[in-house]
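First up is the structure itself, then whatever we jot down about it.
For ligands, and for the atoms within them, numbers begin at 1 and follow the listed sequence.
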Amino acid sequence: MADALDSGLDPADWEGLRAQAHRMLDESLDFIRDVRRHPVWRPMPAEVRAAFDAPPPRMGQELAAIDSEFRQLVEPFGPGNVHPGFMGWVHGGGTVEGMLAEMMAGGLNANLGGRDHAPMEVERQILRWMRNLFGYPEGASGLFVTGTSMANFLALLVARTRALGTGIRRTGLSGAEGLVAYASAAAHGCIPQAFEMSGLGAASLRLLPTDSAHRLDMEALRQAVAADRAAGRRPFMVVGSAGTVDVGAIDDLGALATFAEAEGMWFHVDGAFGALGMMSPELAPLLAGIERSDSIAFDFHKWGQVPYDAGYLLVRDGEAHRAAFASPAAYLRRETRGLAAGSPWPCDYGPDLSRGFRALKTWITLKAHGMDALGAAMARCCEVARHLAARIQAEPSLELLAPVALNIVCFHRPGADCAQIVADLHESGIAAPSTTTIDGKLAIRAAIVNHRTRKNDVDRMVDEVLRVSTK
Ligand SMILES: *Cc1c(COP(=O)(O)O)cnc(C)c1O
């Protein structure tokens, strides 16, 4: 009854609110269940876009009215990655359990910056699971962040602090340190950006050539490191890609581990979507050597199918990780009992102090499906990608532009404008691939990440490519 809560922001009519909440839950479940009946994506009509010009509300409205506004203006015009026809960029499809977890996390409204409470144990359990999955030792640390871009950036800061000592946190870089790092030219754009943001500068990252399989050329790496050492510079880090964003190539992680070890360099793996392939017995062998890395950045929100956002950083040497970020602050004093116990806290491992409960949607997704089923869904994505590649090779007017090592297929129609084809596909509502450039050619790029995407979805995409490019 309304006797206990009268803040003005809690419901005055709990029963009415409950009925409305159940309707909203049903509508969101229907959205996912019936997603195939709707277009992958549709352009927003001008009047829909204009509706977002309204001024901030001075007075509250009925939740039912807000819900119907959401169902009319927002839900139909989403990015489409819940839909099996979505094949653009690298987006996960989400799950119903993940959606429910978001609701439960919202209700609990936990701040996971630190302190001693059960949500922290959920996050710690995921750390133990990830240590186990990646063969990392007991002392390894982990941290939920927004995404792999942030995780890569934090890994760089840890490697930099390890190379220069913690004093660098106070003095800052002078520019004379001579630190240089290496990745392949196929590394994700967030890697050079991490170097920009770190103050080391993108010029201190060498982007090296790739071999015919789009993997980092080990000989080029050896030569570049030798040349830098001869010039008096200090090679400190090498970044391997476990699933490049263009074609899904996996660098030779074992060779990189051996090389980095011999050179005394930090070995970081950008495994944004590919790293969780460790859950699949078919894909794990492709990642051999990842267990010897110093740090791994990956996303639960891509192949892990956890709703956005849920990026993760795993660091072998938890002490090195903490040394890069932990700061004493009077108001964050640690105790051995009470709510302020449970040190170290996640805020000791990164720049975020307030942190949401990303761990819950990850925990619930992993528990609801199990790693075997999630791994099987990843393997199935690769099978769909192989089917797509075979279909393209069988079409005389289409040409495959890169080998299909994992779940990404790049192709084109010689003589046709791939950007126009892809925009037509988006507007058709049938499929949403994206584009990239392979060997100077604009390619149609289909990344199969959504667990719902089946062979007939990619067949429909190819049929539509042929239809729109011949009209
Ligand atoms: C998606 C992706 C990133 C960036 O991850 P976000 O979660 O989008 O920040 C980095 N590297 C690779 C290989 C990716 O696929």
Close-contact set for ligand 1 against H301 heavy atoms, below 4.0 Å: 7 (O)
Residue pair L112 / H117, side-chain heavy-atom distance below 4.5 Å: yes
Whether F300 and Y312 hold their rings parallel, tilted or perpendicular, with breakpoints at 30° and 60°: perpendicular
Exam field: side chain D294 to backbone F267, donor-acceptor pair closer than 3.5 Å: yes
Location of contacts on W89 toward ligand 1, heavy atoms closer than 4.0 Å: neither
Options V145, T146, T148, ranked by nearest heavy atom to atom 6 (P) of ligand 1, top entry: T148
Contact check, S241 vs ligand 1, heavy-atom distance below 4.0 Å: no
Residue F273 vicinity, atoms of ligand 1 by number, heavy atom under 4.0 Å: 15 (O)
Backbone N/O of R37 and side chain of D34: donor-acceptor pair under 3.5 Å: no
Nearest-contact summary for atom 7 (O) of ligand 1 - protein heavy atom, Å: D299 OD2, 2.6 Å
Stacked cation flag R316 on Y136, 6.0 angstrom / 45 deg: yes
Within reach of ligand 1, part of M150 (heavy-atom separation under 4.0 Å): neither
Protein heavy-atom partner closest to atom 13 (C) of ligand 1 - residue, atom, separation in Å: G243 O, 3.4 Å
Backbone of G240 reached by a side-chain donor or acceptor of D270 within 3.5 Å: no
Per-atom contacts of ligand 1 with G147, taking only distances under 4.0 Å to non-hydrogen atoms: 7 (O), 9 (O)
Under 3.5 Å donor-acceptor, R162 side chain and L157 backbone: no
Minimum-distance protein heavy atom relative to atom 12 (C) of ligand 1: A272 CB, 3.2 Å
Test item: S295 side-chain N/O and L314 main-chain N/O as donor-acceptor pair under 3.5 Å: no
NZ or CZ of K367 within 45° of W363 ring axis and under 6.0 Å: yes
Any N/O pair D270/ligand 1 closer than 3.5 Å: yes
Protein contact of atom 14 (C) of ligand 1 - nearest heavy atom, named by residue and atom, plus distance: K302 NZ, 3.0 Å
Mutual orientation of the aromatic rings belonging to H91 and W89 [parallel < 30°, tilted 30-60°, perpendicular > 60°]: tilted
Distance from atom 10 (C) of ligand 1 to nearest protein heavy atom, with residue and atom: H188 CG, 3.3 Å
Element-labelled atoms of ligand 1 that are located less than 4.0 Å from some non-hydrogen atom of C190: 10 (C)
Atom 4 (C) of ligand 1: nearest protein contact (heavy atom, Å): S149 OG, 3.4 Å
